[in-house]
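Structure, as structure tokens:
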Amino acid sequence: MAEQTTHPYNPAETEPRWQLAWDEAECFIAKNDSPKPKFYALEMFPYPSGRIHMGHVRNYAMGDVVARYKRARGFEVLHPMGWDAFGMPAENAAIETGGHPKDWTYGNIEQMRAPMKRLGFALDWSREFATCDVDYYTEQQRIFLKFWEKGLVYSKTAKVNWDPVDNTVLANEQVIDGKGWRSGAVVEQRDMEQWFFKITEYADELIEGLDTLDRWPEKVRTMQRNWIGKSEGCRINFEIDELGNSQALDAFGYQDGMSLKTMLDGFLSKRAEDIAARRPRQLKPDDRGVTAAWAWAHTYPDGIQVYTTRPDTLFGASFIALSPDHPLTKELAAAFPEVVDFQAECAKIGTSEEAIAQAPKLGLDTGLRVDHPFIKDKTLPVWIANFVLMGYGTGAIFGCPAHDQRDFDFATKYGLPILPVVQSDEGEAGELIEAYTGDGTLINSDFLNGLSKDDGIRAAIEKIEEMGYGEGTTQYRLRDWGVSRQRYWGCPIPVIHCPKCGAVPVPEADLPVELPYDIEFDSPGNPLDRHPTFKHCTCPKCGGEAERETDTLDTFADSSWYYAKFAGKDGSPFDKKAASDWLPVDQYVGGVEHAVLHLLYSRFFTRGLRDCGLINLPSGEPFAGLFTQGMVTHATYETDDGWVLPADVTEKDGVLIHMPTGKTATKGDVIKMSKSKKNTVDPNDIIETYGADVARWFVLSDSPPERDVEWSEDGVRGAWNFQKKVWRIVQSTNVSDHGPTTIASDAKGDALTLRRAAHKALAKITEGIEAFRFNTSVAQIYELTNALSKYDGQDAARMEALGILIRSIAPFMPHLAEECWAQLGGEGLVATADWPTLDEAMLVEDTVTMPIQVNGKRRGEISVPKDMPKDEVEALALSEPNVARTIDGAPVRKVIVVPGRIVNIVI
RNA sequence: GCCGGUGUGGUGGAAUUGGUAGACACGCGGGAUUCAAAAUCCCGUGCUCCUAGAGCGUGUCGGUUCGAGUCCGACCACCGGUACCA
């Protein structure tokens, strides 16, 4: 028996010591050629803002539990960490406080790495990198070029949000109420040459792949499905109706033989005189129709093309509607002030989101009429309508008011016909008060009559194709990914613009296109554009003078493949074999806020890498398992001066007082920690006061991982007390020869009870970790700890139970576990120890306590041997005093005995 | 509006998937130890009734069942996502 020493547990001393021990033993360095099965655990890498927050701690603690547990289970675990280091904050810091984005970023990385190391995560730091490392972005440029070769990259002119003060493009999220988030200037829509990744190429595969991701939250899969927004339908051309528009020709002084163009040119020149004389002339819709026909003839010789998912309702069509931004609308606007006014009115509602939701339907009749494709001599009026979006489909629709709510509202307002063509299968339709969008049987629809909705859609498409009016198509909401950013601190796009040869890729041998360090932020816009030499180069094709692309890649590109880069050992170029071996990531952990963008872009990237032959990953799926964790929240407090620190608020006689000022405070919502609400808790302070293990334990206990956890001082002290309790139990244990790997196979009596408790706890702890329900594992660890603290014996059962406890705690509080392990004479490090072996026999009790119900109400309980025959259990149950009293001689109608569970007596 | 989720003590949350509702933790109350405090340990703690015991109790209403937090139907509230997507 070894000599006992008693001293309080001191994390400030033990934690750095064990971190050093892990480093020296290189326990967390993943081997690329290991014979063990692989497990890739990954948390979303952080942006180097300069400080870590509690959200990071929770995120990485969860990943760490999985990583440490899987290692104990015999897996070769890859658990790396890096930095998502490009982006605007670095540039903004440089603009605001001087300095250089590069220095700022690497400085922040230094500041953040230290506390992360102090948290004792089982990370393979040897694979660390930052996306702004030249090595990293060189490879990204190489991937860009491969994607280009493969047809996955192209450039086109597209609309962007342009901030005229900062001279830069803004992302949609950076435009608030139509103004730039920094400058406050009204944002303009500008056409600019932009680079795009062809993510739509994989639209179908990205949807289908979602069905295979059975270890992703349903929520995230649904969000991606909606984002891609696949819909099946068809495009239909509506041809202009000559007769319908000829009715208005008189208004234009039409004479036989006069060409439409001659007539209209004359009319328009007269309009020009009116405008010059400030005599705006409002035309009747019929008059506009003639002009529309003319405009249409120029713009759309084939007709007005609409997109619909409901061609089965074509017989119920009563109008055509164009978007206010439709090219035909624009043609009309050139000639008619009321169209311009109408566009302005629509645009007014445009910006604020609430207004859009409440916006009433607005329309303007163009007077133009088109032919119905299926009904001879029937024409439909063409309107301009504010609810038709240019960005989806063709920017034009046909309206079927009876079966589309928006069309219904529109038709009701403007007195357009509402013709039902789908009859609900239950009951007949009465007076329509809203659109019926459900399934049913087609009526009033000629050749479609009697068909179901789906059959009707098929039949209608077939007919439209046969008549040459259009074709069945699939429409996606997803658009190609615009990646050009007019920013310095990002990965330069490796392209050269040659006046003769156009856009030319930078030859691979000339990579990297490196960011120059000597840049100035003294004037707005992209400093690369003003750099003395960066831009100037020669064309790799013709050798002539050319200009280098100065845009950089969207930083979402950086985070779209970093997990593949981790697979390769430090300093190696992109390692195809390693990436193919390690991917997919087995468990990815991060916040839901990346549910669509980052996770979708990554799924696109792996498919691109696969199809360019850079990785062997048939499924194309980068993340086999995904877990989205909740946030760390904290109470907020406010005085009339604004938000105050929760630590400064105390309660006195039921009133909250802000101590530094003496003012009364009110409690606000419990919300995500945020600097502006002053409800943050600095992990550094917590580590300082309580140690890393306590911080980790707290953020994992109580709340289920997917839900928010509320930070509380009491909760942290609870974790602190638990740590001390474990240590106290270990200190009061005599060290035996076998140490914590002892197995007390001949335990009896109390010792056996303890053994059972330990193995039962182990089973549930394991289950909790596997199912990502760490809070239940924590509860089981508490139970086992309580059982041990009550156990007086200094025997093998105690040692075995402690051994199970310590190894179960190890993924959560690794430093404490090491210290206890060493104290108990454990061999080596817990970090590399195997997970305890479960003794299944210990899970089965010899005797069970069975509750007895009478008519479903619990009246007593009996203790019986596990395998006692049913009739004996029944007899025992009936004779239990309280049960017998309740029955009180009443006839027993039925007795249900569920072995080992419950007895229910029915009277 | 649509899609997804959640609703259980004073609080965070458990509940082997239809079988003792409230594990575990926080908080609170009482006690032990202490000159005292901290720490620690023990007991109690869903609500109601005077105890043995009984009644009520998992958002609401109804249903299935020997038995429902769990299954079915209808609703309510809150949270998240999304939106005139044709």
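Every heavy atom of this structure was used, including side-chain atoms; hydrogens, water molecules and symmetry mates were not. Computed from a predicted model, the values in this text were never measured in an experiment. In what follows, every chain begins at residue 1, and chains take the letters A, B, ... in the order their sequences are listed.
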Between A/Gly229 and A/Ile905, name the one whose nearest nucleotide on RNA chain B is closer to the 5' end. A/Ile905
Taking only side-chain N and O atoms of A/Asn855, does any of them lie within less than 4.0 angstrom of OP1 or OP2 on B/G67? no
What pairs of residues pass the salt bridge (charged side-chain N to carboxylate O under 4.0 Å, His left out) test when at least one of them lies in residues 890-907 of chain A, not counting sequence neighbours? none
Determine, using ring centers only, whether A/Phe698 and A/Trp711 are less than 6.0 Å apart. yes
Should A/Asn786 be listed as having a side-chain N or O under 4.0 Å from OP1 or OP2 of B/A25? yes
Tell me whether the side-chain N/O atoms of A/Arg773 come closer than 4.0 Å to OP1 or OP2 in B/A23. no
With a 3.5 Å cut-off and no angle check, do the side chains of A/Tyr307 and A/Ser231 form a donor-acceptor pair? yes
Across all chains, not counting sequence neighbours, the side chain to side chain donor-acceptor pair (under 3.5 Å) partners of A/Tyr601 are none
Select from A/Val778 and A/Val709 the residue whose nearest nucleotide in RNA chain B is closer to the 5' end of that strand. A/Val709
Below 4.0 angstrom, N of the basic side chain to O of the carboxylate: do A/Arg406 and A/Asp409 qualify? no
Do A/Leu626 and A/Leu599 make a side-chain contact, defined as non-hydrogen atoms from C-beta onward lying under 4.5 Å apart? yes
No-hydrogen, no-angle side-chain donor-acceptor test under 3.5 Å, A/Thr200 and A/Asp480: yes
Among B/C84, B/A86, B/A25, the nucleotide that comes nearest once only the side chain of A/Ile397 is considered: B/A86
Pairwise C1' distance for B/G46 and B/C42, with rounding to whole Å: 23 Å
Anti versus syn assignment for B/G9, with syn defined as within 90° of 0: syn
Could you work out the separation of B/A32 and B/A36 based on their P atoms and round it to a whole Å? 11 Å
Which value, in whole Å, describes the distance between the P atoms of nucleotides B/G73 and B/G10? 31 Å
When you measure from the side chain of A/Arg696 to the backbone of A/Pro811, do you find a donor-acceptor pair of N or O atoms at a distance under 3.5 Å? yes
A/Ser701 near the nucleic acid: base, sugar-phosphate alone, or nothing, with a heavy-atom cut-off under 4.0 Å? nothing
Tabulate below the donor-acceptor pairs under 3.5 Å that side-chain atoms of residues 320-327 of chain A make, not counting sequence neighbours, or state none.
from	atom 1	to	atom 2	distance (Å)
A/Ser323	OG	A/Asp325	N	3.0
A/Ser323	OG	A/Val388	O	3.3
A/Ser323	OG	A/Met390	N	3.4
A/His326	ND1	A/Leu328	N	3.1

Pair A/Asn679, A/Lys672: side-chain N/O donor-acceptor within cut-off below 3.5 Å: no
If we take the C1' atom in both B/A77 and B/C61, what is their distance in whole Å? 15 Å
Check whether any side-chain N or O of A/Asn775 sits under 4.0 Å from OP1 or OP2 of B/G12, and answer yes or no. no
A/Tyr307 side-chain N/O to B/A86 phosphate OP1/OP2 under 4.0 Å: no
Side-chain H-bond candidate by donor/acceptor type, A/Arg603 with A/Gln224, under 3.5 Å: yes
List every contact pair, protein side and nucleotides 2-7 of chain B side both N or O, where the distance is under 3.5 Å.
none

Measure from the side chain of A/Asn721, starting at C-beta and using heavy atoms only, and say which of B/A39, B/G27, B/A25 lies closest. B/A39
What side-chain donor-acceptor pairs closer than 3.5 Å can you find for residues 838-849 of chain A, not counting sequence neighbours?
from	atom 1	to	atom 2	distance (Å)
A/Asp839	OD1	A/Ala841	N	3.1
A/Asp839	OD2	A/Arg755	NH2	3.3
A/Glu845	OE2	A/Lys760	NZ	2.6

Proximal nucleotide (of B/C56, B/A86, B/C24) relative to the A/Lys857 side chain: B/C56
From CE of A/Met223 across to P of B/U82 the rounded distance in Å is 6 Å
Rounded to whole angstroms, how far apart are CD1 on A/Ile457 and P on B/A86? 12 Å
How would you list, by chain and number, every residue that makes a ring-ring contact (aromatic ring centres under 6.0 Å, His included) with A/Phe627, sequence neighbours excluded? A/Phe772
I'd like to know if A/Lys230 pairs up with A/Asp204 as an ion pair, taking the criterion as any Lys NZ or Arg NE/NH1/NH2 lying under 4.0 Å from an Asp or Glu carboxylate oxygen. yes
Shorter than 3.5 Å, N or O on both sides, protein versus nucleotides 41-52 of chain B: list them out with atom names.
from	atom 1	to	atom 2	distance (Å)
B/C41	OP1	A/Arg728	NH2	2.7

Which of residues 758-772 of chain A have a heavy atom under 4.0 Å from RNA chain B? none
What's A/Val388 touching, base or sugar-phosphate or nothing? Going by heavy atoms closer than 4.0 Å. base
Is there a side-chain contact between A/Arg406 and the phosphate of B/C85, meaning an N or O under 4.0 Å from OP1 or OP2? yes
Output the rounded distance in Å from CG (A/Asp404) to C1' (B/G1). 13 Å
Rounded distance in Å between the C1' positions of B/C28 and B/G12: 15 Å
Indicate whether OP1 or OP2 belonging to B/A25 is found under 4.0 Å from a side-chain N or O atom of A/Arg717. no
Nearest to the side chain of A/Arg885 - B/A54, B/A23, B/G13? B/A54
Would you measure the distance from the C1' atom in B/G59 across to the matching atom in B/G9 and give it in whole Å? 15 Å
A correct dot-bracket answer for RNA chain B, with pairs being Watson-Crick or G-U at under 3.5 Å, [ ] for crossing pairs and | for inter-strand pairs, is (((((((..(((......[....)))((((((.......))))))((((...))))..(((((..]....))))))))))))....
Quick check with a 6.0 Å cut-off and a 45 degree axis cone: is A/Lys361 positioned over the face of A/Phe387's six-membered ring? yes
Span that lies between the C1' atom of B/C72 and that of B/G18, in whole angstrom: 13 Å
Excluding sequence neighbours, so at least two apart, what forms side chain to side chain donor-acceptor pair (under 3.5 Å) with A/Glu767? none
What is the nucleic acid contact for A/Pro217, judged by heavy atoms within less than 4.0 Å: base, sugar-phosphate only, or nothing? nothing
Under-3.5 Å N/O pairs linking protein and nucleotides 18-20 of chain B:
from	atom 1	to	atom 2	distance (Å)
B/U20	O2	A/Arg858	NE	2.9
B/U20	O2	A/Arg858	NH2	3.3

Would you mind calling B/U8 syn or anti? Take O4'-C1'-N9-C4 for purines or O4'-C1'-N1-C2 for pyrimidines, and syn is within 90° of 0. anti
Can you check the distance between B/U8 and B/C56, where both ends of the measurement are the C1' atom (answer in whole Å)? 15 Å
Nearest-neighbour nucleotide for the A/Arg859 side chain, B/G12, B/A54, B/U40 considered: B/A54
Across all chains, not counting sequence neighbours, the ring-ring contact (aromatic ring centres under 6.0 Å, His included) partners of A/Tyr414 are A/Trp383, A/Phe410
Can you measure A/Ile207 atom CD1 to B/C85 atom P for me and round it to whole angstrom units? 17 Å
Donor-acceptor pair, side chain of A/Asn904 and main chain of A/Gly856, under 3.5 angstrom: yes
Heavy-atom closest pair, residues A/Ala317 and A/Phe398: CB-CD1, 3.5 Å
